[in-house]
Every structure is written in structure tokens, then in C-alpha cells.
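Here's the structure we're looking at; comments come further down.
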Amino acid sequence: MLARVTGHQLRLFNSLGRRIENFAPSADVVGLYSCGPTVYSYQHLGNMRPYVFADTLRRALRWKGVPVRQVVNITDVGHAVADSDTGEDKLEVAAAKERRSVEEIAEFYTQDWLQALAALNVQPADVYPRASTYVDQMIEFAKVLEDKGYTYQLPSGLYFDTSKSPGYGTLAMMDIAGQREGTRVEIVEGRKHKSDFALWRAEEPGVRRIMRWNSPWGWGAPGWHLECSVMSMTLLGNHFDIHTGGIDHRELHHVNEIAQSEAYLEDGRPWVPYWLHNEFILLDAQKIAKSAGHTVRLAVLVEMGYHPMAYRLFLLGGHYRSQLDFTTAAMDAAQVTLRRLVTRVAPLRPLPQVETLAAAVSLLGIPVDATGAAIGGDAAARGAAYDQTALAYIEAIDAAIANDLATPKLLATLQDALRDPDITPDGLKVVVAAADALLGLRLSELKPAEVDQRRTPDDLAPEEREEIERLIAERTQARMEKNWARADEIRAELDALGVEVTDTASGPTWQLR
Ligand SMILES: [Zn+2]
């Protein structure tokens with residue numbers, strides 16, 4: 001039997017052109033910039049999706065052996081209420097409301113967000129730059145745009161003239177004339193086109209901002225779009241491979257980032273070749289908010305008894321480009337699926353370390369060539385034995401992730417492997433470890449009891465109760481037959497399910513931990 005495994009070409013949906021394309025890195029290290037949060041309040045659950053999505057992308061690149069440098073910005077200045085160019089800064093409004101300084105507000109909500117990322121097992125970015133520490137560079141950037149003739153000044157600030165940007169709006173596939181004249185409602189005195197946006201927001205006369213810098217255009221603060229161009233170029237170079245964000249950014253924020261960056265560079269090249277956007281979560285906010293009494297955020301879900309990995313599983317259960325309905329029923333289902341996965345995987349531990357396709361194939365005993373790009377070979381001809389079933393699953397996992405990060409398919413493949421009677425235990429370990437390198441569900445370490453801490457037997461599905469009752473009966477039988485080894489085995493199995501058995505004079509009783 002010939003074993004030839006060729007990795008599937010990684011294909012991603014590029015918002016620039018709206019089509020699936022082969023991904024070809026332009027450098028040894030792929031630069032990845034992901035738009036981060038504005039830290040003036042708790043991030044609700046929907047706001048966490050972009051980071052789990054970008055994390056999945058990172059894991060996919062790692063799986064393909066591609067090194068990545070990721071930058072995620074933290075907006076702690078410059079983002080006005082309602083994403084407009086005028087009006088108060090979101091941070092300053094929050095500081096006034098909460099009677100805290102803007103620095104305290106930014107720090108508090110940044111830490112809360114970082115904790116939520118860690119709880120969701122999102123790998124840390126290489127750099128989390130704060131916008132407030134890059135204002136000098138933003139002023140320099142805006143000066144260059146001014147020198148090149150892309151701007152005009154109004155009493156309210158310095159504006160980018162979008163009519164000077166030849167490809168303006170390509171990312172959003174917008175009708176340029178329509179956008180310039182129509183879609184945005186904010187009225188800015190003197191603005192030439194409605195799509196023109198602020199690079200610098202000058203202080204209104206008589207209103208002194210809390211966060212203020214001096215600039216050639218007077219005291220004020222940078223416009224929101226400017227920070228991402230400046231920080232990404234500073235930290236990743238003028239051009240880098242991938243820019244990600246929520247789908248809402250595709251229509252305005254990213255359009256403006258591209259316009260000002262390409263105007264700044266004027267080198268005739270697209271600024272960033274791949275633009276990836278995740279869809280929204282539709283929150284069943286009312287139901288959750290009512291029971292919890294405040295913002296629907298990860299910490300609230302955890303208080304309600306859900307494991308953070310259940311939310312990650314819920315997200316990965318949908319494709320990143322599909323809208324997902326967040327409901328309590330969907331979370332309950334995710335929690336049950338996670339518990340079953342963990343319960344099934346626990347006896348297989350320890351799992352091997354697998355981060356790449358090449359490592360997975362090599363662990364199955366199949367030769368890997370030096371590049372890891374073309375793998376396989378006539379293993380059988382050399383008399384090597386390997387688990388062909390496991391190999392087929394590794395191929396299926398690779399096909400799923402390479403197909404625009406098809407995580408629902410990847411999850412289904414993992415479930416199939418766990419049910420497959422033909423796979424060897426060692427092969428299954430490799431398959432589970434490989435799948436989880438991409439899913440990031442912490443399957444190598446989560447304890448079943450940890451996944452569900454507040455269960456009572458009444459919370460169990462009928463089939464779960466039946467399974468526990470069956471195991472206890474089997475254990476009683478084994479003890480009667482003095483088959484202590486088997487009795488211990490079953491006890492360990494029950495233990496993995498979070499079941500505590502107590503032997504009493506009238507027979508065994510059980511409860512959940
Ligand atoms: Zn951004």
C-alpha cells in the first residue's frame with residue numbers, strides 16, 4: 001500500500017475581491033494584524049469572536065509550518081462615540097460616568113479583556129500596542145499625508161480627502177459615488193465628501209479634552225482609523241500579509257485604513273494583500289441579560305456554570321463567515337458536547353505534542369521530507385507499519401482547516417475518529433492531539449468534573465444516567481466475582497465522568513462532584 005500524503009493548499013476567503021484564494025506568504029514570517037478592542041467597557045461575547053477567529057487562523061498557519069507575528073491593538077484613545085469623527089471620546093465618557101480616570105478605565109477593561117482571551121485559550125499576540133503611546137507617530141504619519149496633498153484642514157480637524165484616493169472603497173465593494181455622497185449621516189461642517197474622515201480631531205473651542213496632544217493642527221486627539229495604519233506599519237513593516245477584524249470593519253474602518261496607508265506609501269502596491277473578516281454573533285441578549293442582570297460577557301457565562309471552552313466550542317461549531325445565533329439552548333448543547341469530548345478523551349492521556357501536519361504524520365510512523373511540504377512515501381515498500389485509519393483522519397483534518405478554516409468539519413472529523421472502531425489507540429491519540437492543536441479546546445488537560453462543576457444527577461441527559469447506572473451495575477458484578485482489576489477500571493472510568501461512588505450496606509450510591 002502506498003502512503004502518500006500531500007498537505008492541502010491553505011485557501012482563505014479574501015474580502016478584497018470576495019473570493020477564496022490560495023494563501024501564499026510573502027515573507028518568512030507572516031505579519032498578522034488584528035483590530036483590537038476599544039477599552040471603555042466590558043467586551044461582550046460577540047466581541048470575543050474576532051480573537052478566537054484570528055487565533056484559529058494562527059493555529060492553521062502553525063499547522064502548515066508558517067511562522068507568524070501577530071499584532072493586536074488596544075484603542076485607549078481616539079474612538080469617538082458612535083464611530084463618528086466628532087464628539088466625545090468613548091474613554092472620556094466612560095471615565096466621567098464611572099468617576100475614574102481615563103487611565104484607570106483603560107487599564108481595568110484591558111485587563112478584563114486579556115483575562116477573557118486567556119480563559120478562551122487564545123494564544124497571546126506578540127505585541128499589544130496601546131494607541132495612546134503612538135500619538136507622535138500618528139502625527140508624523142498625518143504630516144506626510146498633508147505634504148502629499150491628501151488632506152484639508154477644517155476648524156474641527158484635519159481630514160483625509162477620499163476623492164484623492166483612486167481605489168477608495170474597493171474593499172467594501174462600495175459604489176464610490178454613492179458612498180461619497182450618501183451613506184453616512186454625520187454632518188461635519190465644511191467636509192468636502194461624506195466619506196472623508198478625520199486624521200486629527202481638534203478640540204472644540206472652549207472644550208478641553210482630557211486626553212490631548214499638541215499638533216500642527218492644534219490641540220486635540222488622533223482620529224480612530226489612523227492608529228491601526230501607524231501601529232501595524234511600525235510593528236510589522238510597511239507591507240504585511242494578513243489583516244483581520246469583524247465584518248463591520250470591512251465597510252468603513254478598514255476602507256479608511258487602506259486609503260490612508262496606500263496614500264502614505266504611494267508605491268503602487270496593495271498595502272495588505274489578504275483581508276479576512278468574521279461574521280457577527282446574534283445575541284439572544286434579552287434572555288441572558290435578564291438572568292444575569294448585566295452585560296453578556298464571558299465572566300457572566302462562567303458564573304452561570306458554563307465552561308469558557310464551551311463558548312469556544314460554540315464559536316468553532318459555526319464557520320467564521322457565518323452568523324451564529326447565541327442562545328442558552330446552543331450553549332447548553334456546546335457544554336454537553338464539550339463534556340462528552342473531554343470524558344471520551346481523558347482515558348487517552350497523555351496526548352502527544354502535535355502542532356503541525358508534518359509532526360502528526362511523522363508520529364504515525366510515516367516518513368516526512370525535510371521541508372514538510374510534501375510528506376509520505378512508499379512506507380509499505382520499506383516494510384513500515386502504520387495506522388492507515390488514523391492517517392486518513394489526519395488528512396481529513398488537514399483538508400478541513402485548509403478549506404478556509406472549516407472548523408465545523410474539523411469537529412465532526414474528530415467526533416468520527418473517536419467513534420471509529422478501526423483506529424488504533426496510538427493513532428487516535430495523534431488524531432485527537434492534531435485536531436486540538438487547531439481547535440484549542442484544551443483536550444489534553446481539561447478534567448470532566450472541571451467542565452461541569454454544578455451538575456446534579458437531574459442535570460444529566462437520560463442516556464448519561466443510564467450509562468452511569470450501567471457502569472455501577474457492572475462494577476458491582478465485578479466485585480461479586482472478585483474481579484478487582486475490572487472493578488478498579490470501572491471506578492476510574494466513573495471518576496473521569498465526575499461520578500463519586502460510595503459503597504453502603506444496602507449497595508452503592510453515587511453523586512456528581
Ligand atoms: Zn483597526
Side-chain angles (χ1 to χ4, degrees), residues 35-40 71 73-107 109-110 127-162 164-165 186-192 196-235 238 253 256-257 259-261 263-266:
C35 284
T38 302
V39 285
Y40 70 105
V71 174
N73 65 299
I74 292 172
T75 303
D76 58 354
V77 67
H79 196 169
V81 174
D83 296 355
S84 60
D85 282 337
T86 57
E88 286 180 284
D89 201 286
K90 285 183 176 183
L91 266 291
E92 295 193 8
V93 172
K97 202 170 84 189
E98 298 188 25
R99 295 167 197 271
R100 289 196 269 183
S101 72
V102 282
E103 291 81 7
E104 282 169 343
I105 291 285
E107 187 55 25
Y109 291 115
T110 299
V127 196
Y128 291 107
R130 265 92 169 159
S132 63
T133 61
Y134 282 81
V135 176
D136 290 345
Q137 290 94 320
M138 291 187 226
I139 291 171
E140 289 308 311
F141 191 102
K143 271 194 211 162
V144 170
L145 293 179
E146 188 176 40
D147 290 346
K148 291 186 173 187
Y150 285 98
T151 66
Y152 57 92
Q153 198 177 346
L154 296 174
S156 58
L158 184 71
Y159 286 82
F160 185 90
D161 184 343
T162 52
K164 302 247 168 88
S165 167
E186 192 195 0
I187 307 293
V188 177
E189 187 76 36
R191 192 161 57 179
K192 292 183 184 170
D196 294 353
F197 57 93
L199 297 166
W200 190 258
R201 299 156 58 217
E203 275 179 355
E204 289 171 48
V207 180
R208 191 185 162 104
R209 297 176 51 95
I210 300 167
M211 290 178 288
R212 61 201 299 266
W213 289 263
N214 206 355
S215 81
W217 317 284
W219 284 89
W224 170 44
H225 312 296
L226 193 53
E227 64 170 278
C228 287
S229 291
V230 169
M231 296 195 288
S232 63
M233 285 193 206
T234 306
L235 295 164
N238 284 350
H253 177 52
N256 290 346
E257 276 189 45
Q260 68 198 4
S261 299
Y264 176 88
L265 293 169
E266 274 190 335

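When a residue number appears, it is its place in the shown sequence, counting from 1.
When side chains are defined from C-beta on, Arg191 counts as touching Tyr152, because their heavy atoms get closer than 4.5 Å. Looking only at side-chain heavy atoms (C-beta outward), Ile139 and Pro216 come within less than 4.5 Å of each other. When side chains are defined from C-beta on, Val77 counts as touching Trp213, because their heavy atoms get closer than 4.5 Å.
Checked against salt bridge (charged side-chain N to carboxylate O under 4.0 Å, His left out), Glu140 has the following partners two or more places apart in sequence or in another chain: Lys143. Partners of Glu257 under the side chain to side chain donor-acceptor pair (under 3.5 Å) rule, at least two apart in sequence or in another chain, are His243, His253. When the side-chain contact (heavy atoms from CB on, under 4.5 Å) test is applied to Ala95, the partners found at least two apart in sequence or on another chain are Val102, Ile105. Legend: residues meeting ring-ring contact (aromatic ring centres under 6.0 Å, His included) with Tyr40, ordered by chain and number and at least two apart, are absent. Every side-chain contact (heavy atoms from CB on, under 4.5 Å) that Asn238 has, sequence neighbours left out, goes to Met233, Leu265. Applying the side chain to side chain donor-acceptor pair (under 3.5 Å) test to Thr151 and every residue at least two apart in sequence or in another chain returns nothing. Judged as a salt bridge (charged side-chain N to carboxylate O under 4.0 Å, His left out), and not counting sequence neighbours, the contacts of Glu203 are Arg212. By the side chain to side chain donor-acceptor pair (under 3.5 Å) test, Tyr264 is found to be paired with no residue, residues two or more places apart in sequence or in another chain being considered. Scanning for salt bridge (charged side-chain N to carboxylate O under 4.0 Å, His left out) contacts around Glu104 gives an empty result, with sequence neighbours left out.
Closest heavy-atom contact between Tyr159 and Ser156: OH-OG, 2.9 Å.
To the nearest 0.5 Å, atom CZ of residue Phe160 and atom CG of residue Asn256 are 8.0 Å apart. Atom CG in Leu145 sits 7.5 Å away from atom CG in Leu226 (nearest 0.5 Å). Atom CE of Met138 sits about 5.5 Å away from atom CE of Met231, to the nearest 0.5 Å. If you take CG on Leu158 and CZ on Phe197, they are separated by 10.0 Å, rounding to the nearest 0.5 Å.
The backbone N or O of Gly218 sits less than 3.5 Å from a side-chain atom of Trp200, completing a donor-acceptor pair. Gln260 contributes a side-chain N or O that, together with a main-chain N or O of His225, makes up a donor-acceptor pair within less than 3.5 Å. Judged purely by atom type and a 3.5 angstrom limit, Glu92 uses its side chain to pair as donor or acceptor with the backbone of Met211. Looking at Lys192, its side chain never comes within 3.5 Å of a backbone N or O of Asp161 through a donor-acceptor pair.
Residue pairs meeting the salt bridge (Lys or Arg N to Asp or Glu O under 4.0 Å) criterion with at least one partner in residues 144-153, sequence neighbours excluded, are Lys148-Glu266. Applying the salt bridge (Lys or Arg N to Asp or Glu O under 4.0 Å) test to residues at least two apart or on different chains, none of the pairs has a partner in residues 214-233.
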Name the atoms and distances for all side-chain donor-acceptor pairs under 3.5 Å in residues 127-135, with sequence neighbours left out.
unit_1, atom_1, unit_2, atom_2, d
Tyr128, OH, Ala125, N, 3.1
Ser132, OG, Asp76, OD1, 3.4
Ser132, OG, Asp76, OD2, 2.7
Thr133, OG1, Arg130, O, 2.7

